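Notes follow the structure.
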Amino acid sequence: MNKVIANMAGTVWKVLVNKGEQVQTGQEIVILESMKMAIPVQANLSGVVKEIKVLENDFVNEGDVLVELI
């Protein structure tokens, strides 16, 4: 199982995928907001979204799991 993790602390501004969706390497999965800047988080491998671990407006820390892919 592949996990997409937060590369920084911030607020989840937008979740761009849905459970069951096929994603490709480099595709933007989540957009984090920190200090009024939008920072996209990309999939590091292709796969299918198994579970979305965050909701929009959640605060996440660096290293937190955002999405699990299979």
Side-chain angles (χ1 to χ4, degrees):
M1 184 174 337
N2 186 32
K3 296 177 181 176
V4 178
I5 61 168
N7 52 3
M8 59 176 283
T11 303
V12 177
W13 183 59
K14 190 165 266 295
V15 178
L16 302 174
V17 295
N18 296 301
K19 186 175 179 177
E21 185 176 333
Q22 176 73 41
V23 296
Q24 303 300 317
T25 303
Q27 180 177 337
E28 293 181 0
I29 302 292
V30 172
I31 298 178
L32 299 179
E33 185 273 327
S34 181
M35 298 181 355
K36 299 187 181 187
M37 293 182 61
I39 296 91
V41 179
Q42 301 173 334
N44 47 357
L45 291 173
S46 296
V48 175
V49 176
K50 178 184 176 191
E51 188 172 355
I52 299 170
K53 299 283 200 172
V54 294
L55 298 171
E56 291 179 4
N57 297 315
D58 283 354
F59 181 82
V60 296
N61 289 302
E62 183 177 352
D64 286 355
V65 177
L66 304 174
V67 175
E68 290 183 355
L69 303 174
I70 51 172

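Just so you know, these numbers come straight off a predicted model, no measurement behind them.
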On a heavy-atom basis, which atom in [X] and which in [Y] lie closest, and how many Å separate them?
{"X": "N7", "Y": "V41", "answer": "OD1-CG2, 4.0 Å"}
{"X": "F59", "Y": "A9", "answer": "CZ-CB, 3.9 Å"}
{"X": "A43", "Y": "L69", "answer": "CB-CD1, 4.3 Å"}
{"X": "V12", "Y": "L55", "answer": "CB-O, 3.5 Å"}
{"X": "K3", "Y": "E68", "answer": "CE-OE2, 3.9 Å"}
{"X": "D64", "Y": "N61", "answer": "OD2-N, 2.8 Å"}

Roughly how far apart are W13 CH2 and N57 CG, rounded to 0.5 Å?
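Output value for this atom pair is 11.0 Å.
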Determine, stepwise, if the pair I39 / M8 fulfils side-chain contact (heavy atoms from CB on, under 4.5 Å).
CA-CA 9 Å; I39 296 91; M8 59 176 283; 3.8 Å; yes
List, one per line, each side-chain donor-acceptor pair under 3.5 Å for residues 25-37, sequence neighbours excluded.
{"unit_1": "T25", "atom_1": "OG1", "unit_2": "S46", "atom_2": "N", "d": "3.1"}
{"unit_1": "T25", "atom_1": "OG1", "unit_2": "S46", "atom_2": "OG", "d": "3.3"}
{"unit_1": "Q27", "atom_1": "OE1", "unit_2": "Q24", "atom_2": "N", "d": "3.1"}
{"unit_1": "E33", "atom_1": "OE2", "unit_2": "K36", "atom_2": "N", "d": "2.7"}

Restricting to salt bridge (Lys or Arg N to Asp or Glu O under 4.0 Å), what partner residues turn up for E51, sequence neighbours left out?
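E51 satisfies salt bridge (Lys or Arg N to Asp or Glu O under 4.0 Å) with K53 once adjacent residues are dropped.
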Should K14 and L16 be marked as a side-chain contact (heavy atoms from CB on, under 4.5 Å) after you check the CA-CA gap, both sets of side-chain angles, and the distance that decides it?
CA-CA 6 Å; K14 190 165 266 295; L16 302 174; 3.6 Å; yes
Any chain of hydrophobic side-chain contacts (each under 4.5 Å) joining V15 to V4?
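Shared cluster, yes.
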